[in-house]
Amino acid sequence: MKPAEIPELPPGVDDQLAGEGIESLYPPQAEAVEAGLTKGESLVASVPTASGKTLIAELAMLSAIQRGGKALYIVPLRALASEKKTEFERWEEYGISVGVSTGNYESSEEWLASRDIIVATSEKVDSLVRNNAGWIDQLSCVVADEVHLVDDRNRGPTLEVTLAKLRRINPGLQVVALSATVGNAGEIADWLDAELVHSEWRPIDLRMGVHFGNAINFDDGSQREVPVDRSQRQTEALVGDTLDEGGSTLVFVNSRRNAESAAKRQGGVVERRLDDDEKAELQDLAEEIRSVSDTETSDDLADCVENGSAFHHAGLASEHRSLVEDAFRDRLLKVICATPTLAAGVNTPSRRVIIRDWRRYDGEFGGMKPLDVLEIHQMCGRAGRPGLDPYGEAVLLSKDADTMDELFERYVWADPEPVRSKLAAEPALRTHLLATISSGFANSREGLLEFLDATLYATQTGDDGRLSTVTDTVLDYLEANDFIEREDETIRATNIGHTVSRLYLDPMSAAEIIDGLRYAEEDRGKDEQSTGESHRERPAAEPEKVETDGFVSASDLVGDETEDETTETEAESDVDETQPPARPTPLGLYHLVSRTPDMYELYLKSGDRETYTEICYEHEAEFLGRMPSEYEDVAFEDWLSALKTAKLLDDWASEVDEDRITERYGVGPGDIRGKVETADWLLGAAEQLAGTLEFSSTIAVREAKKRIEYGVREELLDLAGVRNVGRKRARRLFEAGIESRADLRNTEKGVVLGALRGRRKTTETILENVGREDPSLDGVDEVETETAAVAREDRESDSGDEHSGDQSSLGDF
DNA sequence: TATAATGTATTGTAGACAGCATGTC
DNA sequence: CTACAATACATTATA
């Protein structure tokens, strides 16, 4: 089928496609068009990676827009959102406008409403539906990229529920679901009332094989000699071999450390095959990488890059990641050793893919668990760049003949596992049922069940017994925590329930936070008031707590002990009436948010147990909630890892250097940013919850959040809020005696200039931002104050290098 | 005796979405 | 209960 033969496209689009070198559609694309893709027909396309899925989506969206509609493209990752947006922007000359909406790339509702295509993550769409974004009901076409992810335990249910809701809001909605090749795509099509296009066709040949001994054995029976001798391991030999053919390699390994060490080793293989130009370019890239952050990871990566190799995993700062990805696409880097992140992420095709490790440690499983077939196939799908390589090769490694047979059996010949809905899990239903009630989708148990009947789970099981059981458990939980109210048959969300849903919090996180804040409130209450009533504002006759996931509301367990402590503290406060009332400390708040299910836990290493147990007792009084017993409570372990996270955050908010933090907690720079971002978000939510409940701790929460946001101590909060002033500049100014915005406005300009190490432009901008009357520095000379000089010597002695702009630290979007 | 080569116990393990209010070198 | 690579440390071979 030629582009010109596709019905219902906007004028000019066919020419554009032809101009892009598309003479005729790929078979699966043609099949999709024949199935009515451009006529508004719903469709599930289950086809291999890189076989033109995006074009299928584009055809559907463009034709829908041509009919006067509006399209939504749902991506699984934020990074993909911007990638897709750029891709779609080539239609702008045909009058098609594109917008993005993700957590860190926000656009106003009106602006989005005016766009023809909107790209968003599934969570963002869910959130928009919850908050009744006006344009949602104008949608006529929705594309769900990588729908097989409904199988994902954590994030799958969101996609599932979101699609169900969108279909409910707009019954005529065209749904185009793009999936990797999975066996049961038909079930997904049933669920969505869609046509199915299933194909194994690829535009570029993919050969899968297993390397064993001195050769790769391919699935088509052919072999390729790649000798391995003592000095060269399998991976190195294969990388060298690809490079001699002029191709680059992607190596998948199972841990971050392996990725780093493998990259280091590959450097040797690659380096001796580089020419001088490449070396020079790599040198520049290495410098750029070094300047992203002055951590060890950053240095290690730069060292690798100098040799033309790199590692890639979630511990990297996002700037690192994109630098590496871009350089690999430009063929400057010859090898990337990566954890599976890369397979799911942005498009980084490569001539050859090596899957070194096919098993990964899994604590729940209790050992090394083989990767899913689907996951392996996704990695393999990165092999071969259409138009550039004659074919792609995916190679698994084995050490003996038996393993080789197993690998063929398990992965090369095998079909991927069927996709199964994970919706019936309690954590998923907790959050989605509350949202469904809160946004008015359903107001009774029956209504909820009816809605759930429109999900993939219902289609797949055909039996809603489990669903209704879990629904009841979850409803009890929500009611017990005052998120919903039941009156006869009607269910409605409480004030706080609405807030929780709007904030996109897991209700369990919200319950934990509320309990923690209430704990602080009661603590404070007993200092302030002597009447002794009213400090228990929960309903007196509270129903027996439902044990959801073993979670029992902390305030229930606390009862007696609070009374005990009360008497003690009261005795003390009698002595000193002027003592200000207790108020949550930052560490206490960090610990509180760190133990919610929304915060990804830090791993306790050996020796950490002792260290943190000690710290735990030191800070016992600061915790917002009852500390589990060290000896009898399994929850103590979790308490400690939350404490570790809390300490990390506390270090960050105390201006500890990034590399000190990475060293102390055994994390990468990317992890720090991630943790900080999550904490910032949760503290924001906590602030709103405290506000809604009119707790006195609101201010303390806000302050803790600000400190996390800017990464500074309390005394710098005022300064760090000024635009262009981050944690480093704020500290410099402070050391020079400029302690507040008012100081910044009034201090002699020369002093400010001195404190900012003579950067005239920066100083002017900052003075302007702080609202100084006359920010111009004309004729002003640098004044070296004593404190500034001392501070500078300090700085220069331990870090001689000059980092002018390393203070943006957060929120790079 | 210093050093290199080899054997053995120990250690640690992937990933990343969301609110809100405004704006990075 | 299951693995395995990297590392740290211990032992043995070698100049």
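In what follows, every chain begins at residue 1, and chains take the letters A, B, ... in the order their sequences are listed.
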- Just jot down the salt bridge (Lys or Arg N to Asp or Glu O under 4.0 Å) partners of A:Arg356, sequence neighbours excluded, or say none. none
- Query: Who passes salt bridge (Lys or Arg N to Asp or Glu O under 4.0 Å) against A:Asp326, sequence neighbours left out?
  - Reply: A:Arg329
Between the protein and nucleotides 1-8 of chain C, which nitrogen or oxygen pairs come in under 3.5 angstrom?
from, atom 1, to, atom 2, distance (Å)
C:dT2, O4, A:Phe365, O, 3.2
C:dA3, O3', A:Arg359, NH2, 3.4
C:dC4, OP1, A:Arg359, NH2, 2.6
C:dA6, OP1, A:Ser261, OG, 3.0
C:dA6, OP1, A:Arg265, NH1, 2.9

- Task: For A:Tyr73, enumerate each residue passing the ring-ring contact (aromatic ring centres under 6.0 Å, His included) test, keeping only those at least two apart in sequence or located in another chain.
- Result: A:Phe88
- Task: Return the set of residues passing salt bridge (Lys or Arg N to Asp or Glu O under 4.0 Å) with A:Arg702 (not counting sequence neighbours), or none when no residue passes.
- Result: A:Glu687
- Item | Sugar-phosphate, base or nothing in reach of A:Lys605, heavy atoms under 4.0 Å | sugar-phosphate
- Counting side-chain heavy atoms from C-beta on, which of B:dC20, B:dG19, B:dA16 comes nearest to A:Leu77? B:dA16
- Can you give the dot-bracket line for DNA chain B, using ( ) for pairs inside the strand, [ ] for pairs that cross earlier ones, | for pairs with another strand and . for unpaired bases, where Watson-Crick and G-U count if both distances are under 3.5 Å? |||||||||||||............
- Message: Any side-chain N or O of A:Thr678 below 4.0 angstrom from OP1/OP2 of B:dA18?
- Response: no
- Query: Is the phosphate of B:dC17, meaning OP1 or OP2, less than 4.0 Å from a side-chain N or O of A:Ser122?
  - Reply: no
- Message: Is the phosphate of B:dC17 approached by A:Arg153 (side-chain N or O, under 4.0 Å from OP1 or OP2)?
- Response: no
- Item | A:Thr102 vs A:Thr341, nearer the 5' end of DNA chain B by closest nucleotide | A:Thr341
- Query: Should A:Arg130 be listed as having a side-chain N or O under 4.0 Å from OP1 or OP2 of B:dG19?
  - Reply: no
- Item | Contacts of A:His148 that satisfy ring-ring contact (aromatic ring centres under 6.0 Å, His included) - sequence neighbours left out | none
What protein N or O atoms touch nucleotides 4-8 of chain B N or O atoms at under 3.5 angstrom, if any, and at what distances?
none

- Item | Atom pair distance, as rounded to whole Å: CD1 in A:Ile766 and P in B:dG23 | 16 Å
- Message: When the C1' atoms of B:dA16 and C:dC4 are compared, how many Å lie between them, rounded to an integer?
- Response: 27 Å
- ring-ring contact (aromatic ring centres under 6.0 Å, His included) with A:Phe252: which residues, sequence neighbours excluded? none
Without placing hydrogens or testing angles, list every side-chain donor-acceptor pair under 3.5 Å for residues 335-347 of chain A, not counting sequence neighbours.
from, atom 1, to, atom 2, distance (Å)
A:Thr339, OG1, A:Thr341, OG1, 2.8

- Item | salt bridge (charged side-chain N to carboxylate O under 4.0 Å, His left out) contacts touching residues 147-158 of chain A (sequence neighbours left out) | A:Glu123-A:Arg155, A:Asp151-A:Lys422
- Query: Would you say A:Lys705 reaches B:dG19's phosphate, i.e. side-chain N/O to OP1/OP2 under 4.0 Å?
  - Reply: no
- Query: Listed by chain and number, what are the ring-ring contact (aromatic ring centres under 6.0 Å, His included) partners of A:Tyr504, not counting sequence neighbours?
  - Reply: none
- Does the aromatic ring of A:Tyr603 sit over the six-membered base ring of B:dG12, closer than 5.5 Å centre to centre and tilted less than 30°? no
